[in-house]
There are 2 protein chains.
Amino acid sequence: MEIFKVLRKSDLFSQIDDQTIAKMINCFDAKGVVFEKGQQIVGQGQEIKDIILLAKGEANAQNEDLFGNISIILNISSGDFFGVEEAYAEEPCYKDSLVATEQSLVVFFNKDKLISPCANNCLCHQILTKRLVKILSSRSLALTDKIKHLSQRGIKDKVLSYLQTQSRHANSRYFDIPFNKTELANYLAVERSALSSVLSKLKKEGIIDFEKKRFFLKNIKE
Amino acid sequence: MEIFKVLRKSDLFSQIDDQTIAKMINCFDAKGVVFEKGQQIVGQGQEIKDIILLAKGEANAQNEDLFGNISIILNISSGDFFGVEEAYAEEPCYKDSLVATEQSLVVFFNKDKLISPCANNCLCHQILTKRLVKILSSRSLALTDKIKHLSQRGIKDKVLSYLQTQSRHANSRYFDIPFNKTELANYLAVERSALSSVLSKLKKEGIIDFEKKRFFLKNIKE
DNA sequence: TAAGTTTTGTTGTTTTTTCAACATTTTGAG
DNA sequence: CTCAAAATGTTGAAAAAACAACAAAACTTA
């Protein structure tokens, strides 16, 4: 079945043999559904019944505030999960909507079956929970990094904070970032044009250099 | 032993009987240490050997950037953990330093013993992992909320985004926030005086009202 | 209660960011 | 290759935020 190939690509099921995956699919009452571009997969405020794996395709986590402004919280790509935090933090509803931005294969896992150990006391839950802890931890670290950047006062400080993290992560003063400039502006929550001029200035000053998505960050210390 | 009383207050050990806690202490090689105000508990970049529970007292998670600027990332209070994300995401080092802001009792849990199931295959790890998932999920949701606020362009939007969340959380248009105005400015990463004048303006416009830490948010929709 | 400290609000100046508009370059589809 | 669309850089005017400085209010605590 194609779903096996797809599941094996997600963090949650990688390096687990097909037999075990089959057991898990059964155990967690997994159901695959195809959504077309633009369709809503789940709605903000909707009661949580499933944890969602975006097995194939792309979707946006969107949030609508009291004024009706819609903002894109997160871009969900193939292999990502949605609703895990809400489910395990015992929140009743999804915090955001999930909308397909292209044709997508979505797998729904029954939340209750996922959370409580099943009758036959299989290993599924142990394996799963252990992996979840790692996924959640990594996500938490990424979020903390982003907060660190966003908390900087000026655009210059924001972008340098971001580049430092990327540089440190790549363990080199030369590194690629996963965004183009427009996306970077969006990530750092600043005006694209302002970001552009700040980058130009930093380049002139010799503090950074860049070309497309490749950056160089001068080592400030020492 | 006093440590039992203290542990029972943390999310990780609440509602677990003393006998099991005793087993866990043994299982995870837990060690309690007292730190004085101003002392560093662990340092940024230091190799992770333990997950840390601040059993009593208060501490700050601090981050020093390449320019030498120190910023307070998080205030850790009694019952909070430090280093969980790094440990489970398999990062080699602590991202931040932890510094006691008052006399504190700190419990160190051996990271490796915590993560891998022990020889006698006790229930400790299952209980623990399950609780961790919940703790991590809640933390992740809180971080996502904060990012949502910080991503708003103006101070006015930032503070309204924050108040909306608080209001929704309290399920009432009247609610208390956990910050005074100075702390709120710090949380939203804006100038205190600017926040103050924005709040005044919103109050004049009748959109919000406040008195000390108690707020009222007018329902904008409908 | 009195004195000192912290919190809060206000205001004017300076700096920074946003906004809008446009030119140039790059990318991608056909 | 060609054309349209998207991404990028630049600039000047308008708006907003940071900054600095101060006064009033609230809260400690001796």
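Keep in mind it's a predicted model, so treat the numbers as computed, not measured.
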Short side-chain donor-acceptor distance under 3.5 Å, B:S97 and B:Q62: no
Spacing between B:Q152 atom CD and C:dT18 atom P, to the nearest angstrom: 13 Å
Side-chain ion pair, B:R214 and B:D176, N-O less than 4.0 Å: yes
Outermost nucleotides of DNA chain D that come under 4.0 Å of a non-hydrogen atom of chain B: D:dA17 to D:dC27
Phosphate contact (C:dT10 OP1 or OP2) by B:S200 side-chain N/O below 4.0 Å: yes
B:N180 or A:K212, whichever maps to the more 5' nucleotide of DNA chain C: B:N180
Sugar-phosphate, base or nothing in reach of A:I155, heavy atoms under 4.0 Å: sugar-phosphate
Charged N-O contact under 4.0 Å between B:R153 and A:E191: yes
Rounded distance in Å - CD (B:E191) to P (C:dT11): 17 Å
Nucleotide C:dT26, atom P - distance to NZ of A:K181 in whole Å: 12 Å
d(CD, A:E211; C1', C:dT26) in whole Å: 11 Å
Rounded distance (Å) that lies between atom C1' of C:dT8 and atom CG of B:L195: 11 Å
Worked check of side-chain contact (heavy atoms from CB on, under 4.5 Å) between A:I52 and A:F81: CA-CA 6 Å; A:I52 290 158; A:F81 287 89; over 6 Å; no
Spacing of A:K213 atom NZ relative to C:dT27 atom C1', expressed in whole Å: 12 Å
Rounded distance in Å - CZ (A:R192) to P (C:dA21): 14 Å
Ionic contact status for B:E86 with B:K95, cut-off 4.0 Å: no
Any B:S193 side-chain N or O less than 4.0 Å from OP1/OP2 of C:dT11: no
B:F179 CZ - C:dT7 C1' separation (whole Å): 16 Å
Sugar-phosphate, base or nothing in reach of A:F210, heavy atoms under 4.0 Å: sugar-phosphate
Pair A:E58-A:S77, side-chain hydrogen bond (donor to acceptor under 3.5 Å, both in side chains): steps then yes or no: CA-CA 5 Å; A:E58 199 187 63; A:S77 57; over 6 Å; no
Qualifying residues under salt bridge (Lys or Arg N to Asp or Glu O under 4.0 Å), relative to A:K148, sequence neighbours excluded: A:D145
